[in-house]
Amino acid sequence: MTKLSVNINKIATLRNSRGGNRPDVVQVARDCERFGAQGITVHPRPDERHIRYSDVLALKEVVQTEFNIEGYPDQRYMDLIEKVRPAQATLVPDPPHVLTSNAGWDTHANRQFLQEILQTLKGWGVRTSIFVNPDEKMVEGAAQCGTDRIELYTEAYATGYHQNRHEAVKPYTNAAYAAKALGLGLNAGHDLDLDNLAFLKQAIPYLEEVSIGHALISDALYLGLEETIRRYLAQLKD
Ligand SMILES: CC(=O)[C@@H](O)[C@H](O)COP(=O)(O)O
Ligand SMILES: NCC(=O)COP(=O)(O)O
C-alpha cells in the first residue's frame, strides 16, 4: 500500500499572511487524518516562511499517523528532531533561501556528512529518508550512507508528464528498481498532483509513501479538504 502523507506547509503560508491562527495548522492536520491521510509532512525552513518550529512541537502532540519532518540537517533541525522524535526525518539539501526544494542530495560528495547524521537519527529511533534525484548512482550512494529510505524528487516527472509521461517516468522506474534491489524503502514527492499521481503509482507499485502538499492544498480550495484527500487516496489504490 502506498501511504499518502499530506504536506501542510501551505496551510501555514496562508495563516502567516495575516498573522493570527487562521487557518489553524494543528486542526487541519487533525482533519487530514480524519479524512484518511496516513501521514502528515512538514518542512520547517530556517526563515519560517510557513511552518514554524513551534508548529512542529504543537503537531507532535496531535499527529496520530506518521509524522514526517523534512529539512536540511543543520543544528536547529537536528535539535527539533531529537525533541520531537517523528516517525520519519527526510533530509533535503536545500540552501536557506531557495523558493522551494529544487534538487536531491549528491550522496557521494556528502557521504561522510550524511552517514554521521543518519547514524544520529537512527540512534533516536527515527526512520530516515534522503531526498534524491532519479539517478541510480545517487541511489547507490544513499544506500552506502545507511539510510532506511530514499525519497525520489519528482519535479522532473511532473514537468515532463504532459509532454510524454512514458519518457518522464522512465528515470523513476529505473531508480526505484535500483532502490528495491539495494533494500531501500521508497518514497516520492514534489509537484505530484491529481493528474500525474496514478501513472507514477502504476509504474512503481511498491512506493511506500508519497508526500504531497502544494497541489493538494490548492485543489482543496475548489473541492474541499475531505473530497480532495479522498480523490488523492483513490489515485493510490493498489
Ligand atoms: C522536499 C519537497 O520537495 C517538499 O516537501 C518541500 O517541502 C516543499 O517546500 P515548500 O512547501 O516550501 O515549497
Ligand atoms: N516531499 C514532497 C512534499 O512534502 C510536498 O511537495 P509538494 O507537493 O508541495 O511539491
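Source: prediction; values computed, not measured. Just so you know, ligand 1 is whichever comes first in the structure, and atom 1 is the first atom listed for that ligand.
Polar contact with ligand 1: absent for Tyr153 (N/O pair, distance under 3.5 Å).
At the shortest separation from atom 7 (O) of ligand 1 among protein heavy atoms lies His43 ND1, 2.7 Å. Among all non-hydrogen protein atoms, the one lying nearest atom 11 (O) of ligand 1 is Asn9 ND2, 2.8 Å. Scanning the protein heavy atoms around atom 9 (O) of ligand 1, the nearest turns out to be Arg45 NH2, 2.9 Å. Protein heavy atom at the shortest distance from atom 4 (C) of ligand 1 is Glu70 OE1, 3.6 Å. When only non-hydrogen protein atoms are considered, atom 13 (O) of ligand 1 lies nearest to Thr100 OG1, 2.6 Å. In terms of protein heavy atoms, atom 1 (C) of ligand 1 is closest to Ser101 OG, 3.2 Å.
For Asn164, there are no side-chain hydrogen bond (donor to acceptor under 3.5 Å, both in side chains) partners, not counting sequence neighbours. In this structure, Asp219 has no salt bridge (charged side-chain N to carboxylate O under 4.0 Å, His left out) partners at least two apart in sequence or on a different chain. Partners of Tyr206 under the side chain to side chain contact (heavy atoms under 4.5 Å, CB included) rule, at least two apart in sequence or in another chain, are Ala176, Tyr177, Lys180, Leu186, Ile204.
Tyr153 and His190 have perpendicular rings, their planes meeting at more than 60° on a 0 to 90° scale where under 30° would count as parallel. Ring planes of Phe199 and His166: perpendicular class, angle over 60° (limits at 30 and 60°).
Under a 4.0 Å criterion applied to the non-hydrogen atoms of His190, ligand 1 contributes the atoms 2 (C), 3 (O), 4 (C). Per-residue contacts place Asn7 under 4.0 angstrom from the following atoms of ligand 1 (heavy atoms of the residue considered): 5 (O), 7 (O). If you number the atoms of ligand 1 from 1 as listed, the ones under 4.0 Å from a heavy atom of His50 come out as 10 (P), 11 (O), 12 (O). Heavy-atom contacts of Lys10 reach the following atoms of ligand 1: 10 (P), 11 (O), 13 (O) (cutoff under 4.0 Å).
Within a 6.0 Å sphere centred on CG of Leu99, other residues, nucleotides and ligands contribute 12 heavy atoms or fewer. No more than 12 heavy atoms of other residues, nucleotides or ligands sit less than 6.0 Å from atom NE2 of His97.
Note on Arg127 versus Glu66: salt bridge recorded, some NZ/NE/NH1/NH2 to OD/OE distance being below 4.0 Å. A salt bridge between Lys3 and Glu208 is absent, with no side-chain N of the basic residue lying under 4.0 Å from a carboxylate O of the acidic one. A salt bridge is absent between Arg15 and Asp24; no separation between the charged side-chain nitrogens and carboxylate oxygens falls under 4.0 Å.
Sorted by chain and number, the residues within 4.0 Å of ligand 2 by heavy atom are Asn7, Thr41, Glu70, Glu151, Gly189, His190, Asp191, Ser211, Ile212, Gly213, His214.
In this structure, Arg76 forms a cation-pi arrangement with Tyr53, its terminal cationic atom sitting closer than 6.0 Å to the ring centre and no more than 45° off the ring axis.
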